[in-house]
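Take a look at the structure below.
Letters A, B, ... are given to chains in the order of the sequence lines, protein chains preceding strands, and every chain is numbered from 1. Values reported hereafter were calculated over all heavy atoms of this structure, with side chains retained and with hydrogens, waters and symmetry mates removed.
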Amino acid sequence: MKNLLVAKILNEVADMLDMQGVEFKPNAYRRAARTIESLAEPIEQVYAKGKLEELPGVGSAIAKKIAEIVETGSLKYHEELKEKTPVDLEGLLAVEGVGPKTVGLLYKRLGIKSLDELERAALQHKIRTIKGLGPKTEENILSSIELAKRRKERALIGTALPIADEICELLRAEIRTKGTVGKLEPAGSLRRMKETIGDIDILAATKDPIHLSDALTQMAKVRKVLEKGETKSSVILENNLQVDLRIVDEHSFGSALMYFTGSKDHNIALRKIAIAKGLKLNEYGLFKKDEQVAGRTEEEVYEKLGLEYIPPELREDRGEVAAAMNHALPELIPYDAIEGDLQIHTKWSDGRHTIEEMAQAAKAMGYGYVAITDHYSTMPIVNGLNEQRLRDQAKEIDGLNEKLSGIRILKGAEVDIAGDGRLKADRSALKDLDVVVASVHGTFKQTKKEMTRRLISAMETGLVSIIGHPTSRKINAKNPCEIDFDEVFEASKRTGTYLEINSSPARLDLNDTNAGLAVRAGCKLAINTDAHEREDLQNMRFGIATARRAWMRKLDVINSMPLTELTRAIRKP
DNA sequence: GCCGTTTTCGGCCCGACTGTTTTCAGTCG
């Protein structure tokens with residue numbers, strides 16, 4: 001499926017045309033790129049059927065270009081544009097506040113092609129000499145450039161986990177074909193469900209290591225084999241993710257899994273306990289003198305250390321070892337504890353599926369309810385609802401609730417919080433809703449005090465059930481807004497407004513640390529997906545993982561309640 | 001470059017915000 005490649009090339013063409021100051025064409029290319037990005041069907045199929053021009057935003061010229069990409073994997077026009085402006089577009093555009101026009105200007109005036117050159121020019125105060133840019137722009141570039149550079153370093157868990165699952169399944173199947181008993185598990189930060197992943201670590205126990213490393217290195221999506229051996233193999237995938245496969249004896253599988261799962265600090269804490277007991281812990285097992293006393297499973301290693309079993313999400317050396325010793329670990333919210341999703345978008349605004357499609361998908365996940373929270377907004381980009389359309393939507397929901405069994409659709413909306421903390425919606429529009437999510441979607445550059453005041457003002461309107469993605473960060477792309485969490489937590493409790501863990505892999509907001517602080521301050525949270533299409537509902541597991549990393553229990557999460565309890569607990573406008 | 005019960009030419013999504021400007025261009029969502 002070449003959809004993403006086609007979309008990427010079209011988007012780059014758009015950016016380069018933008019750089020040259022070409023009008024209107026860039027948006028034509030972007031529109032076509034968006035269509036193809038969200039196309040369920042492989043673009044090759046559309047091409048084969050001769051139906052490219054039927055796609056919205058695709059005319060004869062772009063259709064020809066798509067055909068060229070499908071056939072050859074590249075586009076001459078794109079290559080020619082790149083020759084004219086040979087800059088690291090992706091890297092430079094990753095700097096917040098720098099767009100195509102600025103990239104073009106920087107290249108034309110200073111010959112800047114890369115992030116490093118941009119940083120040097122900024123440090124030498126050359127940026128401010130360009131007409132149209134100034135000292136503020138220079139400062140902004142310097143403060144954003146670190147984030148832009150780090151961008152490539154770590155993958156989102158939402159990207160890495162599905163790939164790792166797929167590879168693990170493939171390798172497990174390989175083990176099975178050999179008919180040998182074997183085990184295989186992902187390890188590393190992926191198993192701890194960290195929000196970003198450096199590389200994918202996989203641990204295996206098999207009688208036939210060569211066969212397994214062959215299977216890894218011969219996978220279709222491998223770009224480069226870094227090393228290949230009996231106990232360790234590493235490859236780089238086409239998407240630049242690195243995969244390390246380690247193979248150990250079965251009687252060491254548990255201790256090796258602990259060792260490769262980490263975190264490093266957690267392992268150090270465990271080794272100290274082993275030493276205190278006159279034992280030695282390493283990846284091969286727990287030893288008394290030279291005799292292995294545990295190692296086959298993680299459970300037996302923890303037990304022999306005198307500890308409760310510690311779930312991977314907690315292994316960060318944040319007090320979990322002491323808690324395990326005192327049998328005081330929390331009973332973490334299970335991955336199947338969620339009863340409903342309280343932030344969902346549909347075709348009514350910027351989502352891809354209908355209310356019924358989303359509700360059916362939620363029902364298939366075992367949910368008892370969902371809240372439809374399309375954007376209530378005046379911004380056309382998200383096709384926001386106004387008061388009339390919200391009423392029309394309510395009628396559709398009433399109809400669906402009569403028709404569907406086993407799932408209850410709650411009426412909701414996601415409302416913008418203006419810079420001054422007022423909601424960009426009237427009380428009259430919201431008054432009949434079951435759930436109001438209020439979120440910050442603009443005016444990000446406020447002081448900590450202003451942003452704190454803004455969120456609290458929104459909570460004090462009495463109209464808000466949930467504050468969506470409270471810091472508005474985007475991982476690797478946008479820093480979180482600064483908030484005084486103590487004040488926000490206090491207001492959350494005082495006004496009965498719940499804070500959200502947004503499960504979108506690029507957000508995970510609140511994050512594990514702040515969610516943990518919230519719960520310890522006595523707040524309850526909602527875990528929502530913010531789904532814009534059916535498949536996004538599956539992101540719930542990342543939100544739950546974040547909650548588990550925050551030491552949260554089921555009772556800390558409002559949407560782990562059945563519908564009747566939830567409707568009592570949640571505040572209506 | 002796309003598109004059309006304002007249709008084959010002449011528009012094209014729009015509002016907020018920022019930083020650079022004396023009236024606007026670029027970026028973001």
Side-chain angles (χ1 to χ4, degrees), chain A residues 9-36 52-68 75 77-78 81 89 92-109 122 127-144 147-148 345 349-351 374-384 386 414-420 422 424 439-447 450-451 454 468-469 472-474 477-479 481 504 506-507 530 532:
Chain A
I9 291 178
L10 294 180
N11 270 324
E12 282 190 14
V13 168
D15 288 333
M16 288 188 284
L17 291 173
D18 236 343
M19 276 169 65
Q20 297 176 4
V22 177
E23 280 192 290
F24 303 115
K25 284 194 197 184
N27 279 337
Y29 277 97
R30 285 199 186 99
R31 167 131 198 259
R34 268 202 310 278
T35 299
I36 290 153
L52 284 176
E53 286 192 51
E54 287 179 21
L55 298 171
V58 178
S60 61
I62 290 185
K64 266 188 206 154
K65 292 185 170 77
I66 296 174
E68 191 187 330
L75 179 67
Y77 180 53
H78 175 244
L81 284 169
L89 251 185
L92 292 169
L93 290 177
V95 181
E96 213 198 345
V98 173
K101 290 276 165 62
T102 310
V103 171
L105 194 59
L106 290 166
Y107 176 67
K108 204 168 130 200
R109 302 295 299 278
I127 309 286
R128 61 179 70 186
T129 64
I130 299 176
K131 197 179 175 200
L133 308 179
K136 281 275 176 63
T137 307
E138 201 169 70
E139 279 170 39
N140 282 341
I141 286 173
L142 275 177
S143 69
S144 311
L147 205 55
H345 299 260
S349 64
D350 58 346
D374 277 303
H375 290 279
Y376 189 94
S377 173
T378 47
M379 291 201 300
I381 186 79
V382 291
N383 187 27
N386 54 29
E414 186 184 13
V415 182
D416 290 347
I417 304 173
D420 60 5
R422 279 184 295 185
K424 292 190 188 171
S439 317
V440 168
H441 284 124
T443 321
F444 297 116
K445 282 182 185 162
Q446 288 187 317
T447 64
E450 286 165 339
M451 189 56 82
R454 182 178 180 182
H469 46 79
S472 293
R473 70 147 173 186
K474 292 267 182 77
K478 183 175 177 324
N479 287 319
C481 297
S504 165
R507 290 198 186 270
D530 201 355
H532 283 68

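Comparing B/dG29 with B/dT23, their C1' atoms sit 25 Å apart, to the nearest whole Å. Nucleotides B/dC13 and B/dT8 are separated by 23 Å at their C1' atoms, to the nearest Å. For the C1' atom pair drawn from B/dT20 and B/dG26, the interatomic distance equals 10 Å after rounding to whole Å. Remark: the separation of the P atoms in B/dG11 and B/dC17 is 30 Å, to the nearest Å. For the C1' atom pair drawn from B/dG15 and B/dC9, the interatomic distance equals 28 Å after rounding to whole Å.
The side chain of A/Lys25 sits closest to B/dG1 out of B/dT27, B/dG1, B/dG19. Set against B/dG29, B/dG26, B/dT20, the side chain of A/Lys478 has B/dG29 as its closest nucleotide. The side chain of A/Ile62 lies closest to B/dG1 when the candidates are B/dC3, B/dG1, B/dG29. Each of B/dC3, B/dA16, B/dG1 was ranked by its minimum atom distance to the side chain of A/Thr443; first place goes to B/dA16. The side chain of A/Thr102 sits closest to B/dG26 out of B/dG29, B/dG26, B/dG19. Nearest to the side chain of A/Lys136, among B/dG1, B/dT27, B/dT20, sits B/dT20. Of the candidates B/dT20, B/dG1, B/dG26, B/dT20 carries the atom nearest the A/Pro135 side chain, counting heavy atoms from C-beta on. Ranking B/dC12, B/dT20, B/dC2 by closeness to the A/Ala28 side chain, first place goes to B/dC2.
Counting heavy atoms from C-beta outward, A/Ile62 and A/Glu53 have side chains that stay 4.5 Å or more apart. Between A/Leu106 and A/Ile127, some side-chain heavy-atom pair lies under the 4.5 Å cut-off.
As a whole-Å value, the separation of A/Lys424 NZ from B/dA16 P is 7 Å. Note: CZ (A/Arg31) to P (B/dG29) measures 21 Å, nearest angstrom. Rounding to whole angstrom units, CG of residue A/Asn27 and C1' of B/dC14 are separated by 12 Å. The nearest whole Å value for the distance from the CD1 atom in A/Ile141 to the P atom in B/dT27 is 10 Å. Whole-Å rounding puts the A/Leu133 CG to B/dT18 P distance at 18 Å. Between the NZ atom of A/Lys101 and the P atom of B/dC28 there is a distance of 13 Å, given to the nearest Å.
Nucleotide B/dC12 has B/dG1 as its partner under the Watson-Crick or G-U criteria, with both atom distances under 3.5 Å.
Here A/Phe24 packs flat against the base of B/dC12; its ring centre is closer than 5.5 angstrom to the base's six-membered ring, tilted by less than 30 degrees.
A/Gly442 comes within 4.0 angstrom of no nucleic acid atom, judged by non-hydrogen atoms across all strands. Looking at heavy-atom distances under 4.0 Å, A/Lys64 makes no contact with the nucleic acid at all. At the heavy-atom level, A/Asn140 lies under 4.0 Å from the strands shown only through sugar-phosphate atoms.
Between A/Ser60 and A/Glu138, the residue anchored nearer the 5' end of DNA chain B, judged by the nucleotide with its closest heavy atom, is A/Ser60. Taking the nucleotide of DNA chain B with the nearest heavy atom to each of A/Pro100 and A/Gly132, the more 5' of the two is matched to A/Gly132.
When the shell of 6.0 Å around CZ of A/Arg128 is examined, it contains more than 12 heavy atoms from other residues, nucleotides or ligands.
Note that CD1 of A/Ile66 and CD1 of A/Ile36 are 3.5 Å apart. Values are rounded to the nearest 0.5 Å. Remark: A/Lys65 NZ to A/Leu10 CG distance equals 9.0 Å, nearest 0.5 Å.
A sub-4.0 Å separation between OP1 or OP2 of B/dT20 and a side-chain N or O of A/Thr137 is present.
The aromatic rings of A/His532 and A/His375 sit tilted, their planes meeting at an angle between 30° and 60°.
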